[in-house]
Every structure is written in C-alpha cells, then in structure tokens.
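Here's the structure we're looking at; comments come further down.
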Amino acid sequence: MTKPVRVRFAPSPTGYPHVGNIRTALFNWLFARHSSGRFVVRIEDTDVTRKVEGALEVILSGLKWLGLDWDEGPGVGGDYGPYFQSQRLSLYREAAERLIRQGNAYCCYCSSQRLKEMREEQARRKQPPGYDRRCRDLSEAERVQKEAKGITPVVRFKTPFEGRTRFNDLIWGEVVFEHGTIDDLVLLKSDGYPTYHLANVVDDHLMEISHVLRAEEWLSSTPRHLLMYQALGFEPPQFAHLPMILGADRAKLSKRHGSVSITEYREQGYLPETMVNFLALLGWSLDDKAEIFSLAELVANFSLERVSRTGAIFNRDKLNWMNGAYIRSLSLDDFTRRTLPFLENGLPAGVRRPLSIDYIGQVMPLIQERARTLAEVPELTAFFFTDELDYEPGLLIVKKMDRESSVQALEAVRQRLSPLQAFDTVSLEAVLRPLAAELELKTGQLFGTLRVAVTGRTVAPPLFETMSVLGKERSLERVGAALDKLRSL
RNA sequence: GCCCCCAUCGUCUAGAGGCCGAGGACACCGGCCUUUCAAGCCGGUAACAGGGAGUCGAUUUCCCGUGGGGGCACCA
C-alpha cells in the first residue's frame with residue numbers, strides 16, 4: 001500500500017519570493033493536487049540573523065496570487081503544526097540529544113574563528129573545505145573543561161568515514177555519494193536553533209511528508225539527510241530534485257539578472273495565469289505541441305516523469321508573448337478590472353481622479369490586443385486622458401508631405417468634421433476616406449497626420465475608433481492645436 | 001581543489017534504436033492583411049558539440065573527453 005501524498009513548500013522568510021522558489025512551490029502544489037494529496041506550507045524561520053520583516057506576508061500573498069492554496073500551514077492550521085520551525089525548537093533539540101546519546105552526533109566547541117581559518121587554509125592548499133572533526137572524539141574530561149570555559153557548543157552529525165549512500169531520485173535516477181566526501185555537518189547552532197538539515201529531516205518525518213520536491217541545489221545534501229533519517233530511525237520520503245532556473249548567462253538566477261521576485265512580475269503587470277503557465281514550462285512539458293495551460297489543465301496533466309533534468313533559462317521574451325496571449329484571452333470586463341489599479345497608479349498625476357469607469361470601458365477594447373503587460377497600459381493610453389498633448393510638431397508632417405500640405409489637410413479635416421452629427425467610426429470613415437482622395441493624398445498620409453494630431457504619436461490604436469472615443473469636441477480641439485503647432489513651425 | 005549532475009535550433013522544449021534528411025513554441029527574417037502599431041494568417045533561417053564502442057541501423061545504449069551547472073557556512 002502506498003502512503004498518501006503529502007508534500008510541502010518550505011520557504012525561509014529571509015527575502016522576497018524568488019521565481020525559482022515559486023516554481024518549486026508550483027510543482028509541489030501540482031503534484032499534490034494531481035495525486036489528491038495534501039500541500040503543506042511550512043515556514044523555515046531558523047535563521048534569526050537573516051530574517052526579513054514582512055517577507056513571510058509577501059511569500060504567502062504571492063502563493064495566493066497564483067492560486068496555490070495550501071491545506072496546512074500559516075493561517076489554516078492543521079494536525080501537524082505548528083508550521084513555523086521557530087515554534088518547534090524543542091523537537092529539534094530532542095532529536096539532537098538523541099543522536100548524541102546514540103553516538104551519532106557530538107558537541108563541537110570550535111570557534112567560528114578557527115573554522116574560518118581552517119577553511120582558508122584548506123583553500124590555500126587547494127583541498128576541499130570541510131570540518132576537520134577535531135571535537136568528534138573529545139573525552140568527557142575535555143568536554144567538561146570546554147564547558148567550564150563557558151563555550152556553547154554546536155551539535156555536529158557524525159558522518160561515517162566509510163561506505164556510501166545511494167538513493168533513487170524520482171527525476172535524476174540513482175545517485176551515489178561516498179561518505180568520505182561528506183564532513184560532519186552542524187545540526188544545532190549555538191543559539192539553539194537547528195540548521196536546515198536537522199529541522200528538515202525532523203519536520204518532514206513528523207509531518208509525514210511523502211515526497212520532497214526541491215531544487216537541484218539540494219541534491220548533494222540529500223545523502224546527509226538520508227544518513228540522518230537512518231540514525232533517527234525514520235523512514236525517508238521520496239526525493240525529486242527539480243532543475244534550476246537560470247539567468248541568461250546560465251548561472252543560477254539571482255538579483256543581478258534583473259527581476260527575480262514574483263512580486264516584481266506582479267507589479268510589472270504580468271497575470272498570475274501567465275506566471276503559472278510559464279513557470280510550469282520551465283522544466284516540465286506535456287508534449288511537442290501544448291503551450292498554454294490553465295491551472296486545472298496543469299493539475300490534470302502534471303507528472304514528475306515529464307520533468308527534465310536540464311536547467312532552464314528564464315526567457316523574458318517568451319514570458320512577454322505569453323502574457324500578451326493571456327491578456328488577449330481575457331474578457332473585456334476582466335481586462336478592464338485588472339488594469340484599473342495600473343491606470344490609477346500609472347496615469348499622469350494631472351489626470352482627474354477618480355477615473356471614469358465608463359470612459360475606461362471605451363478605451364480598453366482599443367488596447368487589449370496591443371498590451372503585453374498591464375503595466376504598459378497607462379503609457380499606451382495616456383493620450384486618452386490628458387488634455388494637452390505634448391509632442392514634437394515635426395511628427396505632424398508625414399512622408400512625402402510638407403508643412404503646407406499638412407496644414408491644408410488638417411484644415412480640410414476640421415471643415416468636414418465640424419458639421420458631423422454622428423461621430424462614430426462609420427461616419428468618420430465615410431467622410432475621411434473620400435477626403436483623402438479629394439486632397440490627392442494616400443490614406444496613410446492623411447490618417448497619419450491626423451493620428452499624430454489626435455494622439456500625439458505615430459503609433460496608436462486605430463484612428464477612427466480613437467476619435468470616436470475621444471468624441472467630436474476633443475478631437476477637433478486637438479486638430480486645432482495641431483494646426484497651431486504647424487503654423488508656429 | 002574535491003564531490004555530484006547535466007548536454008537537441010539563440011531560448012523553452014518534443015523525441016524513450018529505424019516513424020527524424022529531427023517536430024512545436026518564443027525570438028528573428030520575409031510575405032499577406034492593413035490608416036500606424038499590434039493581432040491574425042502564410043513562409044523562412046536555425047540544433048542532435050566531438051571521438052570511440054556496440055547494432056543491420058543511432059539524436060535515442062555504453063565509454064572517453066569537452067562544455068556547462070550545482071554543492072562543499074553555526075544560510076536556506
């Protein structure tokens with residue numbers, strides 16, 4: 001009989017949620033949901049010195065944003081709590097003490113100064129760094145003496161000198177490590193907090209975690225963990241190490257590569273469904289065709305067998321494309337609703353607030369298929385909201401035209417449009433297209449000039465739609481302003 | 001330095017001995033559509049790093065090398 005699937009995402013509140021961490025969370029979540037298992041969030045707050053205030057909240061809100069809900073953990077509780085390691089200190093201490101009693105661990109009194117010098121010396125001699133085990137076989141008398149000096153020891157694991165540990169990683173297959181290459185790692189720090197290694201093993205066991213899905217960077221510490229499971233008499237979970245997410249230079253994705261926090265993508269106007277889909281495809285694929293997956297489709301199709309072993313570069317171009325595709329697939333209402341906060345934030349301060357929902361509703365259809373991120377919508381649509389257009393007058397003179405012909409064209413436009421009753425796209429086209437012919441201009445010339453007059457830019461949404469949304473009065477005002485600019489040239 | 005791992009277009013990847021003179025997607029380049037830009041449609045450029053072994057036959061198996069990554073903290 002197989003044990004029920006229980007997986008966990010175990011972030012450390014030492015910084016904002018890196019997309020790599022989020023990808024790990026996503027895969028854990030997908031695996032749990034696919035196998036009707038439980039997804040646990042456990043907070044690994046054992047590094048007091050690196051703790052970042054507010055990071056926890058950001059991590060959790062990031063998960064919520066993406067739709068990754070958890071069955072046990074912060075805010076929801078569960079039968080295996082507490083879910084903060086800082087509240088489980090006695091459990092780790094007990095485990096460490098037991099290991100000492102059993103002869104699997106020992107107190108180490110070496111100062112961090114000595115350890116540092118030792119590592120430097122090892123580096124100088126081009127030897128692999130590692131603890132030299134000076135305290136491994138201290139006599140009782142020596143220990144008493146050290147204690148008398150007031151030194152608070154750390155607890156180290158007694159890694160066997162001989163033998164090897166092999167395990168079958170669900171993604172990497174069989175992996176073997178010689179014990180001789182593993183030093184005596186610290187289990188309990190001198191401040192009484194456990195290291196990741198100890199806390200992880202103890203908690204994964206106590207929380208009955210069945211599968212550990214974590215990044216590849218943990219692969220080489222897995223044998224240490226296995227050794228600890230063995231010493232503690234715990235049955236280890238199954239391990240699956242996920243490929244790394246890389247920067248453009250193929251190194252582990254980090255700050256210097258630009259945006260790495262999921263919150264930055266949120267702020268930059270990427271949709272959660274884009275991030276989920278994109279991250280899922282970094283290291284996992286279904287077949288040789290499918291690119292766009294909803295969360296539900298991912299749940300239905302996810303499997304570890306289809307996770308690759310190769311690190312994947314985070315490709316911003318593809319992310320942008322995908323976000324554009326998702327934006328286009330949104331209903332107009334949904335698109336508008338999601339864009340609203342970005343408009344509130346991004347439109348020039350001079351634009352009167354509150355923004356008119358009705359007016360925005362008219363603008364949004366013109367921009368939806370052109371936006372790649374929500375954050376660029378304000379920039380793309382600013383001319384709809386501002387009264388004064390600030391642009392280079394020269395832009396009004398398009399290809400094969402000069403100042404005179406441009407003035408003429410805009411004057412003609414003004415004359416023909418002034419008496420218009422209906423200012424809809426059909427009426428506008430019915431007037432302006434013939435006008436171009438009449439003026440012996442290509443439509444591109446007339447419309448190009450007019451586009452600049454009305455929007456202040458050469459690239460904009462379709463002209464007639466734009467003018468229709470702006471309305472007759474404002475459109476003609478802008479034509480007038482353009483004429484002034486041209487004449488002052 | 002030591003240990004572990006990885007290796008198909010620029011990027012994400014499909015490919016589990018003949019279906020591959022290698023497929024899809026992004027990006028890029030053409031073309032169509034078109035009032036600009038997008039979107040859409042059509043087409044194109046572009047990869048199995050190298051060397052052995054084994055096989056009737058290797059992108060696909062094994063070995064060697066090469067390149068890359070990860071780890072080696074009282075950080076996770």
Side-chain angles (χ1 to χ4, degrees), chain A residues 10-12 14-15 21 44-47 49-50 108 110-112 115-116 119 122-131 152-156 169 172-173 175-178 180-183 185-191 193-197 199-200 215-223 241 243-244 246 248 250-252 278 281-292 306 308-322 324-325 328 367-372 380 398 429 432-433 436 442-452 455 457-464:
Chain A
S12 171
T14 52
N21 294 129
E44 312 225 323
D45 51 352
T46 57
D47 188 342
T49 59
R50 290 203 311 158
C108 168
C110 294
S111 67
S112 46
L115 296 175
K116 183 166 167 267
R119 272 194 295 273
Q122 286 163 335
R124 207 172 305 127
R125 291 208 225 143
K126 296 199 182 293
Q127 286 176 338
Y131 180 55
T152 317
V154 301
V155 176
R156 284 184 185 273
D169 188 280
W172 302 76
V175 183
V176 186
F177 285 87
E178 298 286 338
T181 64
I182 307 173
D183 73 347
L185 65 153
V186 173
L187 302 178
L188 218 51
K189 305 181 239 182
S190 56
D191 64 1
Y193 279 74
T195 59
Y196 168 86
H197 305 289
N200 233 256
E216 189 205 329
E217 54 191 324
W218 295 108
L219 189 67
S220 53
S221 44
T222 304
H241 288 89
M244 310 277 298
L246 280 19
R250 293 218 149 267
K252 190 167 156 182
F278 181 74
L281 256 17
L282 248 34
W284 176 87
S285 64
L286 178 61
D287 55 26
D288 61 342
K289 292 283 188 301
E291 297 281 343
I292 301 292
R306 298 208 57 86
S308 94
R309 269 166 303 270
T310 320
I313 292 176
F314 191 96
N315 183 191
R316 201 60 187 249
D317 277 335
K318 187 156 185 172
L319 210 219
N320 288 335
W321 163 76
M322 191 176 279
R328 273 172 256 131
I367 212 68
Q368 184 169 8
E369 75 175 21
R370 293 173 171 75
R372 287 160 89 73
L380 253 24
V398 304
E429 184 157 13
L432 294 174
R433 221 173 259 287
K442 297 217 152 124
T443 49
Q445 293 176 302
L446 208 221
F447 298 168
T449 304
L450 189 49
R451 172 173 300 108
V452 173
T455 69
R457 41 175 82 204
T458 54
V459 172
L463 184 60
F464 306 140

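Because only heavy atoms are used, hydrogens play no part in the values below, and waters and symmetry mates are left out as well, while side chains stay in. Nothing here was measured: the structure is a model prediction, and the numbers come from that model. Note on naming: letters A, B, ... go to the chains in the order of the sequence lines (proteins, then strands), and numbering restarts at 1 for each one.
Between A:Glu429 and A:Ile313, the residue whose closest nucleotide on RNA chain B is further toward the 5' end is A:Ile313. Annotation: of the two residues near RNA chain B, A:Arg125 and A:Thr46, the 5′-most nearest-nucleotide partner is A:Arg125.
Side-chain atoms of A:Ser190 come within donor-acceptor range of the base of B:rC74, with a qualifying N/O pair under 3.5 Å. A donor-acceptor contact under 3.5 Å links the side chain of A:Arg370 to the base of B:rC37.
Within the nucleic acid shown, A:Gly324 has no heavy atom closer than 4.0 Å to any nucleic acid atom. Counting any heavy atom pair closer than 4.0 Å across all strands shown, A:Phe177 reaches sugar-phosphate atoms only and no base atom. Using a 4.0 Å heavy-atom distance criterion, A:Arg124 is classed as making no nucleic acid contact. Among the heavy atoms of the strands lying under 4.0 Å from A:Asp287 are primed sugar atoms or P, OP1, OP2 only; no base atom is included. Within 4.0 Å (heavy atoms only), A:Leu463 reaches at least one base atom of the nucleic acid. Across all strands shown, A:Val176 has heavy atoms under 4.0 Å from sugar-phosphate atoms exclusively, and none from any base. Residue A:Ala312 is in sugar-phosphate contact alone, with no base atom involved, counting any heavy-atom pair closer than 4.0 Å across all strands shown. Counting any heavy atom pair closer than 4.0 Å across all strands shown, A:Pro223 reaches no nucleic acid atom. A:Val154 comes within 4.0 angstrom of a nucleotide base, judged by non-hydrogen atoms across all strands. Note on A:Tyr193: nothing from the nucleic acid sits closer than 4.0 angstrom, heavy atoms only. As judged by a 4.0 angstrom heavy-atom cut-off over every strand, A:Arg250 is placed among residues touching the sugar-phosphate backbone only. No contact: A:Gly448 has no heavy atom under 4.0 Å from any strand. Residue contacts for A:Arg457: at a heavy-atom cut-off of 4.0 Å it reaches no nucleic acid atom on any strand shown. Across all strands shown, A:Pro462 has heavy atoms under 4.0 Å from base atoms, whether or not it also approaches the sugar-phosphate.
Between A:Val398 and A:Gly448, the shortest heavy-atom contact is CG1-C, 3.9 Å. The shortest non-hydrogen separation linking A:Gly311 to A:Leu246 is C-CD2, 3.6 Å.
By the 30° and 60° cut-offs, the orientation of the rings of A:Tyr196 relative to A:Trp218 is parallel.
Closest to the side chain of A:Glu216, out of B:rU35, B:rG1, B:rG69, is B:rG69. The nucleotide whose nearest atom lies closest to any side-chain atom of A:Ser112 is, among B:rU35, B:rC74, B:rC6, B:rC74. Nearest nucleotide to the side chain of A:Trp172, out of B:rC6, B:rA76, B:rC4: B:rC6. The listed nucleotides are B:rA14, B:rA76, B:rC4; the one nearest the side chain of A:Asp288 is B:rA14. Among the nucleotides B:rC2, B:rG70, B:rU36, the one closest to any side-chain atom of A:Arg451 is B:rU36. The side chain of A:Asn315 approaches B:rU11 more closely than any other nucleotide in the set B:rG70, B:rU11, B:rC2. Listed nucleotides: B:rA73, B:rA39, B:rG24. Nearest to the side chain of A:Lys289: B:rG24. Listed nucleotides B:rC75, B:rU13, B:rG69 differ in distance to A:Ser285; the shortest reach to its side chain belongs to B:rU13. Side-chain atoms of A:Asp47 lie closest to B:rC75 of the nucleotides B:rU13, B:rC75, B:rG70. Nearest nucleotide to the A:Pro129 side chain, out of B:rG1, B:rU35, B:rA14: B:rG1.
Of all nucleotides present, only B:rG31 satisfies the Watson-Crick or G-U wobble test against B:rC41, with each distance under 3.5 Å. Judged by Watson-Crick or G-U wobble contacts below 3.5 Å, the nucleotide B:rC2 has B:rG71 as its partner. Pair assignment for B:rC20: none, as no Watson-Crick or G-U wobble contacts are both less than 3.5 Å. Across all strands shown, B:rU55 forms no Watson-Crick or G-U wobble pair with both key distances under 3.5 Å. B:rU11 is paired with B:rA25 under the Watson-Crick or G-U wobble criterion, all donor-acceptor distances under 3.5 Å.
If you measure from atom CG of A:Asp317 to atom P of B:rC12, you get 13 Å, rounded to the nearest angstrom. Rounding to whole angstrom units, CG of residue A:Leu115 and P of B:rA73 are separated by 10 Å. Atom pair A:Lys252:NZ and B:rA76:P shows a separation of 13 Å (rounding to whole Å applied). If you measure from atom NZ of A:Lys116 to atom P of B:rC74, you get 13 Å, rounded to the nearest angstrom. For A:Glu291 and B:rC12, the CD to P distance is 13 Å, given to the nearest whole Å. Nucleotide B:rG10 holds its P atom 15 Å from the NZ atom of A:Lys318, rounded to whole Å.
B:rC9 and B:rG68 are spaced 15 Å apart, taking the P atom of each and rounding to whole Å. Distance noted for atom P between B:rC37 and B:rC32: 13 Å (whole Å). When the P atom is compared between B:rG1 and B:rU8, the two are found 25 Å apart, to the nearest whole Å. Between the C1' atoms of B:rU36 and B:rG43, the separation comes to 24 Å (whole Å). Of the C1' atoms belonging to B:rC75 and B:rG50, the separation is 40 Å, rounded to the nearest Å. B:rC12 sits 15 Å from B:rA27 when the P atoms are compared, rounded to a whole Å. On the C1' atoms, B:rG17 is 14 Å away from B:rA22, given to the nearest whole Å. If you take atom C1' in B:rC5 and the same atom in B:rC26, they sit 28 Å apart, rounded to whole Å.
The phosphate of B:rU13 has neither OP1 nor OP2 within less than 4.0 Å of any side-chain N or O from A:Arg309. An OP1 or OP2 oxygen of B:rA76 is reached within less than 4.0 angstrom by a side-chain nitrogen or oxygen of A:Lys189.
With hydrogens and angles disregarded, no donor-acceptor distance shorter than 3.5 Å links the side chain of A:Ser190 to the backbone of A:Thr152.
More than 12 heavy atoms of other residues, nucleotides or ligands shown are found within 6.0 angstrom of NZ on A:Lys189.
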